[in-house]
There are 2 protein chains.
Amino acid sequence: MAPESDRTAGPLYRRVAEDLRQAITSGRYGPAGQLPTEAELARHYDVSRGTLRQALAILRTDGLVTSRRGTRRVVLGTARVQSFSEMLSFTQWARSIGQEPGGLLHSLVRRPADSIECEQLRLESGAEVYAAVRLRTLAGTPVMVEHTSYPARVGSLVAELPFDAVSHSDKLRQHGIYFADAQHVIDVVPADARDAKLLSCRRGSSLLRERRRTTDSNGIPVEWSQDHYLPGTVAFSVHNSHASSSLSRHARRSR
Amino acid sequence: MAPESDRTAGPLYRRVAEDLRQAITSGRYGPAGQLPTEAELARHYDVSRGTLRQALAILRTDGLVTSRRGTRRVVLGTARVQSFSEMLSFTQWARSIGQEPGGLLHSLVRRPADSIECEQLRLESGAEVYAAVRLRTLAGTPVMVEHTSYPARVGSLVAELPFDAVSHSDKLRQHGIYFADAQHVIDVVPADARDAKLLSCRRGSSLLRERRRTTDSNGIPVEWSQDHYLPGTVAFSVHNSHASSSLSRHARRSR
DNA sequence: CAGTGGTCTAGACCACCAT
DNA sequence: TGGTGGTCTAGACCACTGG
């Protein structure tokens, strides 16, 4: 294939996708320009059309290009989607945006799982979890309180970490705990007493909440987390298209 | 192919995907069970492995099954992802969850676009937009205030609609305006005076905000909307995996 | 080691768009 | 009507998992 796309390792279609992403975000085809034909691109990269289409599918999902039968692909924008890993790890995310992450472990206890944890972590009632509460900071400023529950198998590893450890997901990966899938639910919730104390906000004031259940590659839950962000500190962004959507909106019970 | 999957129209891989989705959510393989081999499934449906893999890719994106080299696919859960159309249209969404949607047009004006609208709708400075403010209700209860701006081309159609029209996207589709891509940003924002009045909440209280830019199949913006939800009424849900992610988290400017 | 999903190829035909 | 992306096929080889 063309020399400019040999830079990184991994499957061919990913290298092609990265090269195309670079070309698009650098403006080679203009802000709303047309891409060359699939046949032309395949010839250029010296790959089959199937492989090229795998590459384009990535850019399609990221919202970088359109795709429509009968017409050439059009540049949609310069979306900068984060990797799965960056989305899960506060530490990796912070560093990827050039900010210095900080963490303060407020508490870490081992106790029987409550009913919500049993359901989310698929545990038998009575099983034990490790429940951690951490304050997260960006450049020293409090941003988020993280309530995370781990099943015993995972939690025992977390418990061995030093109190001032910044990244936990790194450590877990070293012990063979891989995160593969996550389901996120985003809404608004009032601050409880602990949130208020750690974040220096009024009790009952609104926080942006992200609830997240992460599973490994076998579908076994490895983490259940409720992250409470101070308003105005972060926003969540999702791309969506006729071709693929993993986003939905839920009605919550009226109280 | 097998008779049970001839029900719907459309491409073969979609019909296979829907049949498999049905099989999985009905529990045929168990809550965390293994799927048959790709080869077996392809034989069962009498399709090529490539087509079968297209079907499985859909279920993968929806978070229904895992996929990992060397092992069979495992049932992850029974995620119920909404269609793109349901995600965009309040009316379609409400009906899909069995609730009766209502709408009250608060104002609809034609005026020059402000700087944010120019950027979001890719308009020349000075171009005109139609700006609508609508109160949305579920079963008669106020849920959300929608601030939507349309470029003139689209807005002139919206302006022709009766004041009590519930669904606008239906009408636009009839006039050849198709929604193809959307970018969503979700965060928390204080209620302004108008929000407070329409939603009967205190001014300055927190609302869940969804900002959305929708484009047609040529990448041309057709809608820019800021939806302000009362806390506790809705939540947004996204699935995410090592294989594909269209989700990211942004830091907002500190004020 | 055998089984399984991941990657890649080469070619065919079709549906849709613009002209 | 010609160009383009969407769909589908048949086959090959590889990387990884698990016994």
Side-chain angles (χ1 to χ4, degrees), chain A residues 1 5 8-18 20 29 33-61 64-76 176 178 180-181 216-220 241-244, chain B residues 1 5 8-18 20 29 33-61 64-76 176 178 180-181 216-220 241-244:
Chain A
M1 65 182 297
S5 43
T8 55
L12 188 46
Y13 71 88
R14 283 195 185 280
R15 302 204 299 270
V16 172
E18 284 322 299
L20 271 172
Y29 305 113
Q34 282 188 342
L35 259 59
T37 313
E38 291 184 355
E40 285 170 350
L41 287 171
R43 204 161 39 243
H44 171 66
Y45 286 111
D46 193 23
V47 300
S48 73
R49 193 178 157 221
T51 298
L52 184 86
R53 282 177 58 83
Q54 274 189 283
L56 285 171
I58 295 176
L59 306 182
R60 183 72 185 85
T61 299
L64 234 63
V65 297
T66 62
S67 68
R68 190 164 143 244
R69 184 150 38 190
T71 70
R72 290 206 188 168
R73 290 171 191 267
V74 169
V75 175
L76 252 186
Y178 291 99
D181 279 90
D216 67 15
S217 37
N218 289 312
I220 298 173
S241 78
H242 187 67
S244 90
Chain B
M1 68 182 294
S5 43
T8 57
L12 189 46
Y13 71 88
R14 282 194 186 279
R15 302 203 300 270
V16 172
E18 284 322 299
L20 271 172
Y29 305 114
Q34 281 188 343
L35 259 59
T37 311
E38 291 184 356
E40 284 171 351
L41 287 171
R43 203 161 39 244
H44 171 66
Y45 286 110
D46 193 22
V47 299
S48 74
R49 193 177 156 222
T51 298
L52 184 86
R53 282 178 58 83
Q54 273 190 283
L56 286 171
I58 295 176
L59 305 182
R60 183 72 186 86
T61 300
L64 233 63
V65 296
T66 62
S67 67
R68 189 163 142 246
R69 184 150 41 191
T71 70
R72 291 206 187 168
R73 291 172 190 267
V74 169
V75 176
L76 252 186
Y178 291 98
D181 280 271
D216 67 14
S217 38
N218 289 312
I220 298 173
S241 76
H242 187 67
S244 91

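Letters go in sequence order (proteins before strands), and every chain restarts at 1.
- The CG atom of Leu52(A) sits 11.0 Å away from the CD atom of Glu40(A) when rounded to the nearest 0.5 Å.
- With hydrogens and angles ignored, the 3.5 Å screen pairs a side-chain donor or acceptor of Asp216(A) with a backbone N or O of Asn218(A).
- Of the residues in residues 34-43 of chain B, not one places a heavy atom less than 4.0 Å from an atom of DNA chain D.
- Not a single salt bridge (Lys or Arg N to Asp or Glu O under 4.0 Å) links Arg72(B) to another residue, sequence neighbours left out.
- The CZ atom of Arg60(A) sits 4.0 Å away from atom OG of Ser241(A), with the distance rounded to the nearest 0.5 Å.
- Every residue meeting the side-chain hydrogen bond (donor to acceptor under 3.5 Å, both in side chains) condition with Arg49(A), not counting sequence neighbours, appears here in chain and number order: Glu38(A).
- Within residues 66-73 of chain B, the residues approaching DNA chain C are Ser67(B), Arg68(B), Arg69(B), Gly70(B), Thr71(B), Arg72(B), Arg73(B), by heavy-atom distance under 4.0 Å.
- Of the candidates Leu41(A), Val65(A), Leu64(A), Ile58(A), Leu41(A) is the only one forming a side-chain contact (heavy atoms from CB on, under 4.5 Å) with Leu20(A).
- Read 5' to 3', the first and last nucleotides of DNA chain C with an atom closer than 4.0 Å to a heavy atom of chain B are dG3(C) to dT7(C).
- To the nearest 0.5 angstrom, Leu59(A) atom CG is 11.0 Å from Leu76(A) atom CG.
- Closest-nucleotide positions on DNA chain C for Thr51(A) and Arg49(B) were compared, and the one nearer the 5' end corresponds to Arg49(B).
- In this structure, the side chain to side chain contact (heavy atoms under 4.5 Å, CB included) partners of Ser217(A), at least two apart in sequence or on a different chain, are Ala180(A), Arg68(B).
- Rounded to the nearest 0.5 Å, atoms OG (Ser67(B)) and CG (Leu35(B)) are 11.0 Å apart.
- Note that CD of Gln54(B) is 9.0 Å distant from CG of Leu12(B), once rounded to the nearest 0.5 Å.
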